[in-house]
Amino acid sequence: MIEEETGLRGRAEEFLQAFKKGTEFTHDLLKENERLRFRLLEMENSLAGHAVQGDGEQNHALLNRIKELEQEKQDILNRIQKVEDENQDFANRYIEIEAENNNLANLYIASYQLHSTLDFREVLQIIMEIVINLIGAEEFSLMLLDEKTGVLSAVACEGLDREDIPPVKLGSGLIGQTLLSGESYFADDIETYNRDILSPMVCVPLKIKEHVIGVLAIYKLLVQKERFAQVDYELFTLLAGHAATAIFGARLYSDSERRLSTIQGFIDLLTK
Amino acid sequence: MADINILIVEDSPTMRQLISFALKRIRGVRIVEAGDGVDGLKKISAEKFDMIFTDINMPVMDGLKLISLVREDANQKGVPIVVITTEGAQEDRQRALALGANDYITKPIQPNRILDVAKQLLKIV
């Protein structure tokens, strides 16, 4: 991610250099155009002054020269137009790269934070922070599957009481179906969505490869968040994979810590 | 170029990292982070900052209290303060601006918005 960021910055620098060169080139062309216009004017004046005494051959040569200069002027104007078009293209591309850069920054930070700890509670907290701060959700819950019972239960939520979120059986309702299918669900019209605990507006499965371990269910967005942007869908995809592995890793770690502590207790008992 | 000292007061490490990431695109910037209002005040009393970014909802001391205390301090009156918050209601914005905040950004945020506001308030072209 840092390399991509550095690459993007490099590309932005290159673009700025190209933009500066384009500007200098445009200024040179305008100066040249001005000089040629001046020369043309001089020649026209000279031609007018000598029209009477100049012979036909000389006049003909001057008229040809004028034509050449006119053509040259037209060529320069065409080139200026081309450079301006190129500048516009560069400016548009720069804006696109900046937006891409911003999105990558969000994705990089979300991913970095998710894998920054092995503490289960901290991992949940980080997922919550990402959903609030980077996606802009106001009410949501994070539900994890109990492999033994096949029931999903809320382990963390924001803007809702955990007691208000009923356990969901595998395959039951929208949440259970998302868990079963492993496919994200997005309500067709976010603006007209009415909160229903069993039918969230967004339901994202948390999965390690094809193994789904839980679901993120979103019920309400922040008042200033009117719709999802492209980066939000990328964040959901990232959460689907990285949050699952972070949760799974943290659980494994806490289990191993607990077992280690139990074994250590036995050893202490036996050796004392 | 002299260092530009910026303080980020925010309880979420994710947000601190995102804000810091955006601001580091300014040449010569130095970022100091604080996890709540009290921590922020301690850092403000220890050194001079060119700009402060603060969240509103934080444990121990919220961002609004921090803004009012900073504005009461004669040495800190001129320092630009930018609020970054989930509170998107107009009255929240008005309250923060009335207390002395210079700008108000609502979450979810984009790094370029933070950078633009910082450059504008620091008068960087």
Side-chain angles (χ1 to χ4, degrees), chain A residues 1-2 5-6 8-9 12-13 94-117 119 122-123 125-139 158-159 218 220-232 235 239 243 246, chain B residues 8-29 31 33 35-36 53-59 63 82-97 103-120 124-125:
Chain A
M1 294 295 273
I2 294 169
E5 166 70 8
T6 312
L8 280 173
R9 282 194 189 167
E13 284 295 326
Y94 181 75
I95 291 165
E96 281 175 23
I97 289 170
E98 272 293 291
E100 215 170 295
N101 191 19
N102 287 321
N103 294 346
L104 284 172
N106 280 357
L107 294 171
Y108 162 72
I109 286 160
S111 165
Y112 180 92
Q113 288 291 334
L114 278 171
H115 298 292
S116 65
T117 179
D119 183 276
E122 273 185 37
V123 169
Q125 187 56 38
I126 289 165
I127 295 170
M128 305 286 278
E129 282 181 13
I130 290 169
V131 179
I132 298 169
N133 296 312
L134 300 187
I135 290 174
E138 191 174 338
E139 291 178 2
E158 176 72 24
I218 298 178
K220 189 181 174 189
L221 301 179
L222 292 169
V223 66
Q224 63 271 22
K225 176 90 178 181
E226 290 169 354
R227 65 186 70 84
F228 291 121
Q230 187 54 41
V231 68
D232 295 323
L235 275 165
L239 274 175
Chain B
I8 301 168
V9 190
E10 164 71 70
D11 58 327
S12 156
T14 310
M15 280 302 294
R16 286 205 300 270
Q17 195 185 13
L18 187 65
I19 299 167
S20 173
F21 194 89
L23 294 173
K24 278 179 182 165
R25 292 180 67 180
I26 298 172
R27 193 171 293 177
V29 78
I31 307 285
E33 295 181 10
D36 58 62
F53 281 86
T54 182
D55 187 10
I56 289 186
N57 299 319
M58 289 183 290
V82 179
V83 172
I84 299 182
T85 179
T86 51
E87 307 300 331
Q90 197 58 31
E91 54 266 34
D92 293 315
R93 173 187 288 270
Q94 297 297 346
R95 198 180 311 139
L97 296 176
D103 212 327
Y104 192 92
I105 301 172
T106 51
K107 296 173 186 175
I109 56 163
Q110 284 290 302
N112 60 339
R113 171 89 177 103
I114 296 170
L115 188 63
D116 289 347
V117 168
K119 280 183 171 177
Q120 190 196 335
I124 297 170
V125 182

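Note on naming: letters A, B, ... go to the chains in the order of the sequence lines (proteins, then strands), and numbering restarts at 1 for each one.
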(message) To the nearest 0.5 Å, what is the distance between OG1 on T117(A) and CD on Q125(A)?
(response) 11.5 Å
(message) Let's test your reading of the structure: which of N112(B), I109(B), I84(B) forms the most heavy-atom pairs below 4.5 Å with chain A?
(response) N112(B)
(request) Using a cut-off of under 4.5 Å on heavy-atom pairs, state which of V223(A), L221(A), I126(A), L222(A) scores highest against chain B. (result) L222(A)
(request) Search all heavy atoms of T106(B) against all heavy atoms of E87(B) and return the closest pair with its distance. (result) CG2-O, 3.7 Å
(request) For Q230(A) and N103(A), run side chain to side chain donor-acceptor pair (under 3.5 Å): C-alpha distance rounded to whole Å, both residues' side-chain angles, the deciding distance at 0.1 Å, then the answer. (result) CA-CA 9 Å; Q230(A) 187 54 41; N103(A) 294 346; over 6 Å; no
(message) What part of I135(A) gets within 4.5 angstrom of chain B, counting heavy atoms only: side chain, backbone, both, or neither?
(response) backbone
(message) The test is salt bridge (Lys or Arg N to Asp or Glu O under 4.0 Å); show your working for E98(A) and R25(B) and say whether it passes.
(response) CA-CA 12 Å; E98(A) 272 293 291; R25(B) 292 180 67 180; 2.8 Å; yes
(message) Counting only non-hydrogen atoms closer than 4.5 Å, does T85(B) touch chain A with its backbone (N, CA, C, O), its side chain (CB onward), both, or neither?
(response) backbone
